[in-house]
Protein chains: 2
Amino acid sequence: MTDIPRTARPTMKDVAARAGVGLKTVSRVVNEEPGVTEDTISRVQAAIDALGFRRNDSARLLRKGRTASIGLVLEDLADPFYSPLSRAVEDLARAHSTLLFTGSSAEDADREQELVLAFCARRVDGLVIVPASEDHRYLEPEIAAGVATVFVDRPAGGIDADVVLSDNAGGTREGVAHLIAHGHRRIGFIGDLPRIHTAAERLRGYREAMEDAGLPVHGNWVSCGPTAPGRVRAAVESMLSGPEPVTALFAGNNRITVTAVRVLADLPSVVALVGFDDFELADLLRPAVTVVAQDPGQLGRTAAGLLFQRLDGVAGAPKRVELACRLIPRGSGELPPVP
Amino acid sequence: MTDIPRTARPTMKDVAARAGVGLKTVSRVVNEEPGVTEDTISRVQAAIDALGFRRNDSARLLRKGRTASIGLVLEDLADPFYSPLSRAVEDLARAHSTLLFTGSSAEDADREQELVLAFCARRVDGLVIVPASEDHRYLEPEIAAGVATVFVDRPAGGIDADVVLSDNAGGTREGVAHLIAHGHRRIGFIGDLPRIHTAAERLRGYREAMEDAGLPVHGNWVSCGPTAPGRVRAAVESMLSGPEPVTALFAGNNRITVTAVRVLADLPSVVALVGFDDFELADLLRPAVTVVAQDPGQLGRTAAGLLFQRLDGVAGAPKRVELACRLIPRGSGELPPVP
DNA sequence: TATGGGCTGGACAACGTTGTCAACAAAGGG
DNA sequence: CCCTTTGTTGACAACGTTGTCCAGCCCATA
């Protein structure tokens, strides 16, 4: 009956031929442009339905210039920390009738660049990037060509661009000060690789808090490196032994915190703990884990909001937005020092 | 010096003009096609670098027919359960030089359809869908037009399509049988909305396990509904009161399990618990939570693998793949019944 | 010198859509 | 009755790329 071609999709031309009208008239009907008779509309609509026509938005957007799509590059789609961030970006994208490309850099600079440039080759209107690379000059021609770009969680390297950050140093200062206020004097810091901006900032916050309180930082009280459980375990054990064992730990991100909880659970000693990043069930552990919480959803919302402002034509110098962190005392950070 | 136009992007035409060659020669250089002199190549390359040209893949793919992109629709990007699934799909996409559109249906049928059709309008080569809708006949013309489609986690409604599932009923049977083996006779089931396929299957598994053991299921031992904490709390409290209080609970998904843990922590009674879906830190709670674990990463890998097989031309009847679940005893499911 | 073949390069159409503009018919005013 | 106005419609070019095809050119061979 209906002669749907099995292989090739029907185009406006096919619809036009079947409805006995011109190509442009079909376009008008599809786009609900005014100036088409009711009668013609229904004839075209019938042809559309019969053929199962669906407008090819790729062609449309090629013609129009904008693609109504943005790219989101983050470190790892599988990391729960970024889930609310992605969702927030997606929600704003939807509100702007924009589709979302996503990809993980896996903390690899080359992969980040490859992904970003692939998005640019698709002519995304904008980018939200959680940087893995330290040098983003490769983006200069793209930004000059009009690709709106907002960095989240970490600043861009080598270029001046919009960025939305958490107050990593301030949050860490607050967390460490919290431990100090509960009587701790020997506090260890276990962080991520220092080449990662957030890790460096948090380390800085730790040092500042110790200095503000006039406390020394001994050699083995600071350990930075990959978040692999083995490395973290070794660091904890080293800090808890020796002539000056720590009585409290500050863990530099959620994965480190979780590993620290595991390690401490195996040990007889009572050690206070504050972690950076909140995580699900932190309140159900015993002791419940005190954390310095970022709001990843807010991070994403702010970044995407800024992006769409730019796309709406808001010009001006690159903005730097810093979101406050929130200390959530739950128990592990209020344990008194045990000598 | 270099005259990069601030507004419009350079095209192959611009590059050709600047290099003093024909349009097609630029195309040849960009695509590394043979038949161009070293000398010409370097002249063209110089023009490309000077102008900051980047090929417009949208136009390219319009011409070529395939878009080298696929769409992933899941329930909620922010749900940690789906994170490994997304990541697995992304990894396979990358391996096939394919870009990934993502979106959340928010468990809303209209939103799912809107997203899917938006992807189709962009002419994605394929789709991976975690269905929210019960009727996917709207996809028939798309599938006929050649859009490869694989459903994950839940089957499609109204059409015959590839699907990758977990063995929800079998896993639940095993979990409930585990409780029965530990002496429980009065076991409650708290599940998600029964219109969701996985929820219905798990309920079926529960009923089968009880029946297999010759155990009755009393009226208030089964509660299905939204995963809102208030509803779950009420259900738990109701099951634990009355003339026939349950001594064990089976929680139908990770969110329900977590709420159940919270509720039980507030109560004096000791209640055994097995939850469907593993979750981070389940082993650190006291008691550690016994779960029936799916492997969301494997779900995603299998689905994407099947999708790319189809895209590579593997024909044949729609496949239905069912992945086994794994019981992970950790403590909460091995508690003896307390009358 | 003519011929042929291999190599290089360019003109042109096509992908499916939208914007511009002009053609045409019907209706209204003088 | 003609001219203008209004409303509807279609022809055509353009978006940026790739595939097809043909025109030169250079060199070797007859």
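In the text below, chain A, chain B and the rest are named by the order of the sequence lines, each starting its count at 1.
- Each end of the helix from C:dT1-D:dA30 to C:dG30-D:dC1 gets its own axis from five base pairs, and the two axes differ in direction by 70°, given to 10 degrees.
- The salt bridge (Lys or Arg N to Asp or Glu O under 4.0 Å) search around A:Asp162 returns A:Arg310, not counting sequence neighbours.
- In summary, the side chains of A:Arg9 and A:Asn56 do not present any donor paired with an acceptor at a separation below 3.5 Å, with no hydrogens or angles considered.
- Ion pair B:Arg18/B:Asp14 not flagged as a salt bridge, since none of the NZ, NE, NH1 or NH2 atoms sits closer than 4.0 Å to an Asp/Glu carboxylate oxygen.
- Contacts classified as salt bridge (Lys or Arg N to Asp or Glu O under 4.0 Å) and involving residues 116-134 of chain A (residues at least two apart or in different chains) are not found.
- Relative orientation of the A:Phe119 and A:Phe101 rings is parallel, given thresholds of 30° and 60° on the angle between their planes.
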- [ ] Using a 4.0 Å heavy-atom cut-off, write out nucleotides 22-28 of chain D from 5' to 3' as B (base contacted by protein), S (sugar-phosphate only) or - (no contact).
- [x] -------

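- With salt bridges taken as basic N to acidic carboxylate O contacts below 4.0 Å, none links B:Arg111 and B:Glu75.
- Sorted by first and then second residue, the salt bridge (Lys or Arg N to Asp or Glu O under 4.0 Å) pairs with a member in residues 29-42 of chain A read A:Asp39-A:Arg43; sequence neighbours excluded.
- Residue A:Thr25 places no side-chain N or O under 4.0 Å from the OP1 or OP2 atom of D:dT8.
- Salt-bridge check for B:Glu90 with B:Arg301: failed, with every basic side-chain N at 4.0 Å or more from each acidic carboxylate O.
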Task: Footprint string (nucleotides 16-21 of chain D, 5' to 3'): B base within contact, S backbone only, - free, heavy atoms under 4.0 Å - done: BBBBB-

